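This report refers to the structure that appears directly beneath it.
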Amino acid sequence: MEFRPRNYTVEEESRSLDRVSVDTHPLSPPSPSHLQVDVVDHGKSDFYDPLRGSDANVMISLDDLQEEDNNSAVNEADAELPTKEWTSFKKFLMQRFSGSKMVSISPMSDVIMKSGQVREKASTTMHLEELDDPQKFAEDGIKVISQQVYVSRLHELKDEINRSWQANDRVTSLALAIKVARLLMDTSVLQFYPTLFVLATDVMDMVGEMVWQRIKQKAEFSEDGNVICSLPENFEAKDIRVDAKETCSNWFFKIGSIRELLPRIYLELAILPCWRFLVDRPVDVIQRLIMMTRGIADPLASAYCRLYIAHCVQKLPQQDTGYLIICINDIKILLTRFLSAEESPDGNFSERSKSLISLMEPTIEYIVKCIVKDSYQTRAANILVELGIGMKQTEFVGKLPCISIILHHFLKELPSELVSSNAVEIFQLIESSKDYSFDQCLNYRLLGFRISESRSQLDIVNAVVDKVIKVASEYNSLDEFLKVVDAYVDIILRNQMDNKLNIILDGIVKRACNEGIAEIELINLQSIFLKLLAHLKNLEDIFSLSHFIEILDMMHGSARSMVNMHILNMATRKGRIHDPTIVQFLFEVSQSLHDGMDHSNMKYDDSQQPARLISRFVTMVDYGPALERHLAFLLECRGAFGGFNDLKETLVHCSNCLAVKAMKDGENHTSYVKSCIAFSEVTIPSVPSCVKQLNLYLETAEVALLSGLVSHSDGLLDSAIFCLQTMDQMDDLRLPSDVDWILSFMRKLCSLLVLVPGNPQQGVTYILRSMLALINSQSWVSSRARTRVLCAVLSLAATLSQFDLPYHANHELVLGNDCLFYGDPIYSQELLSLSASILQNLVDNIIQEPSQVARGSMALEACNCIASSFNLAQEVLPFVSKLMETAKSCLSSNDKYLQSTIKFVDKFSST
């Protein structure tokens, strides 16, 4: 058996493609003439080829087509939008106010009472903290019921009303509906009232729909069921039959006879659309209903009744937001009286008062949303006048100031163009709202965000920012100060108001030094810093800001970590970092980011971004010719960032790069290179992934060979083999990709061993024999992987036997095996002996493969390797024949890989 001689230089030249010079780079932008490509569209006029260059006409037509589709979809969605919004709003109400567990039973709630459901409340058994007014419920004899039972009973009542209606017992349905509506008069348990409102209005809406369908049926069908007419969507009162009108009027008369005011209003609102059968402008009826709501004394019940008015108005084809503005103004009067009555001498409110305002806020929010949505095109300017914006000061005298909570929701919903153009007037309106219904600093904050949504005139922006800075400066609390100024930082940066920015930073330092920075304040401080970093171009701009680093040092927790990550991201996207001052600053930032994380409980995904940013920072640092300082920096990083395992891999790469850089200098840096390799040798074992360890050992061994340190290279390869031998004991080797990485490593190792001088004491094949022993003993090595490793070792043995190796180490002290051992019979015999054992092992391994297709493919791979490595003499032909028979029995005769292998083997067999 003998190896096939190879002339690698001749083989490379024979297989290389001829090189042809070109005028332009193949990836450069094409010239206009190159864009003229003849394409046959086969008569398809709508064909658009994106590779033919930009076609403005085609793009516009496609956009127009998309716009037409969107417009048609919008028209269909408009009708369903109020219903969907109402459904979402009801879910929000029930989720937000779900704290009450027990509900009191008042005399007006008799419809809820059933035997076994209601019990007397004993003060020793009830949790008074679950009730809104403990003093009231501490009295003996008050009856309570659980919220769950109360809700279940309301669902039962809804079913009873529906069953009675289906049985034509409409009197019972109306009587039960009145009782349900009467429940809305009970506000004794404040937190439960929104849930009660949602459930009761569901019943009202159901009754209203049933009455509507009843009257519509009488208008379209006769008593015997024959169709008389079909009402169009926009029908008028004159289209309705007399019988239907009489029935409709009768329903309104019945509801008008209800004794209590609140149930009467709710039930008339429920059947409000039925006024269309009687009058052409049913919207005019709303004025009377709004006047009726002024008779409801309870502020909470009154506010939610107006909320139901806003909901029912959406059902009418003709809508007039003027009525909803009256509702808001009425709520404003109620709140004004309530706030002035409830305010204590020290300016604070009781918990019950705060709870009541919180419960009323959703009603204001929904009504305001309806007003702005319906009047954007027609009455937007009038809304501002109603709020007091745009009026002369003399006209504003005598009017009630806008309540803060109402102003907040108008400010949230108004179009940004209106807010920006009237920003000064809105600021004055906020300033004049002195009530405690809403935190004023949040209104100043919201105004800033709304102004930022659109480009405003510079004089308006300057005037507002000046006023805001003055107002914010009056806040002693850091939290309130940050809430306000955070909203204006973008405006200040966009308009280059550097003096205002310095005032803000001075204010932060002044308040933070006095009070420290609490968790709630860190959120807005983080927001301010991130806006600054997004606007600034480089780190020098950060250093020029007064107090930036001082404030950063006072931050902590996740907010500090987020700011640190943005600083690192900004610093490392500009290229290499040379300035020692900046390097030290970023090192401290990275250390703070590392130390601020809980590495014991941290998941890999949580640490991935911080570790990647710090790794990038370490990679971008460049000390230039100060190589010793750079290596010392890597030592500092290893000690400072030990919690990030991925960073250790980066440190090894950087150390190896430093060693290569030192060698390229041309000076004698042998001791420095040894220090770099020693750094890598010490760091690699701390990398937890065995697969990454293997590649790092291989990389560092290459650097050692490049620098002529053969003994270091041998030691690193021994460590890699030892790492492979302990692989079976590792828990992290579970994925098939890990096995693929190890296979890739072993094949790369074979490529590197072409350069490594053989060891005369241990034998030139001692590393190869270690690899073979390893793959035969490890459970994670599959038969396919074993085949590929055996082929790689076989190819390596054939390569080492050549008179001239295909490549050599680029160092005069590293001699290849062709120089050290060629012509030595012991050397050749050792390679042949190893190859003979591999051949038998290879055939046995392939035959034992259970998968037929895999077995055939592996046989062909082995045949190609053997034919490339050996002269096909008598000692080798039996192995080749066995493998070819295996491949033919497993694969189709038309298999291209099989056919090409047969030709390849026949070619070398004949020679």
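Quick note: numbers below take in every heavy atom, side chains included, and nothing from hydrogens, waters or symmetry partners. The model shown is predicted, which means the values in this text are computed figures rather than measured ones.
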(request) Any chance you could lay out the side chain to side chain contact (heavy atoms under 4.5 Å, CB included) test for C654 and T650, step after step, and finish with the verdict? (result) CA-CA 6 Å; C654 292; T650 301; 4.1 Å; yes
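- Between V764 and G758, the shortest heavy-atom distance links the atoms CG1-CA, 3.9 Å.
- A donor-acceptor contact shorter than 3.5 Å is absent between the side chain of Q802 and the backbone of D804.
- You'll find the side chain of P5 reaches within 4.5 Å of the side chain of N871, heavy atoms only.
- Remark: K674 NZ is loosely packed, at most 12 non-hydrogen atoms of other residues, nucleotides or ligands lying under 6.0 Å away.
- For the residue pair K692/N645, the side-chain donor-acceptor check at 3.5 Å is not satisfied.
- M620 approaches T572 most closely through the heavy-atom pair CE-O, 4.0 Å.
- The minimum heavy-atom distance linking S751 with Y807 is given by the pair O-OH, 2.7 Å.
- Contact between I902 and K888 at its shortest, heavy atoms only, is CD1-CE, 3.9 Å.
- Note: F3 and F870 have parallel aromatic rings, judged against thresholds of 30 and 60 degrees for the angle between ring planes.
- A donor-acceptor distance shorter than 3.5 angstrom exists from the side chain of D895 to the backbone of L898, with no hydrogens or angles considered.
- At a cut-off of 3.5 Å, with distance as the only test, no side-chain donor of S783 or N845 sits close to an acceptor on the other residue.
- Not one N or O on the side chain of S744 forms a donor-acceptor pair closer than 3.5 Å with the backbone of D740.
- Atom CZ of F722 sits in a sparse spot, with 12 or fewer heavy atoms from other residues, nucleotides or ligands closer than 6.0 Å.
- Within the 3.5 Å criterion, the main-chain N or O of E12 finds a donor-acceptor partner in the side chain of S16.
- Between the side chain of S801 and the main chain of A798, a donor-acceptor pair closer than 3.5 Å is present.
- The distance from the OG1 atom of T670 to the CE atom of M663 is 9.5 Å, given to the nearest 0.5 Å.
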(request) Begin with the C-alpha distance, continue with both residues' side-chain angles, and end with the deciding distance and a verdict on side chain to side chain contact (heavy atoms under 4.5 Å, CB included) for L813 and V710. (result) CA-CA 9 Å; L813 298 180; V710 178; over 6 Å; no
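- Counting only distance, with no hydrogens or angles, the side chain of H594 and the backbone of A640 share a donor-acceptor pair below 3.5 Å.
- Residues L774 and I721 have side chains not in contact (no heavy-atom distance under 4.5 Å, counting atoms from C-beta outward).
- Atom CG in L860 sits 9.0 Å away from atom CG in L883 (nearest 0.5 Å).
- Looking at heavy atoms from C-beta onward, N841 lies in side-chain contact with N776 at the 4.5 angstrom threshold.
- Side-chain atoms of E681 never come within 3.5 Å of backbone atoms of L716 as a donor-acceptor pair (strictly under, hydrogens ignored).
- Put simply, OH on Y697 and CD1 on I684 are 5.5 Å apart, with the number rounded to the nearest 0.5 Å.
- Here the CE atom belonging to M858 is positioned 5.0 Å from the CD atom belonging to E849, to the nearest 0.5 angstrom.
- A 6.0 Å sphere centred on CG of D665 holds more than 12 heavy atoms belonging to other residues, nucleotides or ligands.
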(request) Given side chain to side chain contact (heavy atoms under 4.5 Å, CB included), test L694 with W741 step by step and report yes or no. (result) CA-CA 9 Å; L694 292 174; W741 273 104; over 6 Å; no
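- With hydrogens and angles ignored, the 3.5 Å screen pairs a side-chain donor or acceptor of S868 with a backbone N or O of N864.
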(request) Using the side chain to side chain contact (heavy atoms under 4.5 Å, CB included) rule, take I846 and L842 through it: C-alpha gap first, then chi angles, then the decisive distance, then the call. (result) CA-CA 6 Å; I846 292 172; L842 190 60; 4.2 Å; yes
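- At a cut-off of 3.5 Å, with distance as the only test, a side-chain donor of N656 or S680 sits close to an acceptor on the other residue.
- Contact detail for G708 and V814: the closest heavy-atom pair is CA-CG2, 3.6 Å.
- Defined by atom type and a distance below 3.5 Å, a donor-acceptor pair is missing between the side-chain atoms of R855 and T886.
- In this structure, R576 and D622 approach most closely via the heavy-atom pair CD-CB, 4.0 Å.
- The aromatic rings of F821 and Y827 lie parallel to each other, with less than 30° between the two planes, well short of the 60° mark.
- With a 6.0 Å radius and a threshold of 12 heavy atoms from other residues, nucleotides or ligands, I826 has its CD1 atom at or below the threshold.
- The closest donor-acceptor contact from the side chain of S655 to the backbone of L651 lies at 3.5 Å or more, if one exists at all.
- Taken from CG in D818 to CG in L800, the straight-line distance is 9.0 Å, to the nearest 0.5 Å.
- The distance from atom OG of S881 to atom CE of M884, rounded to the nearest 0.5 Å, is 9.0 Å.
- A side-chain donor-acceptor contact under 3.5 Å links S782 to the backbone of A785.
- Between I577 and F617, the closest side-chain pair of non-hydrogen atoms falls below 4.5 Å.
- Between the side chains of D844 and Q840, at least one donor N or O lies within less than 3.5 Å of an accepting N or O.
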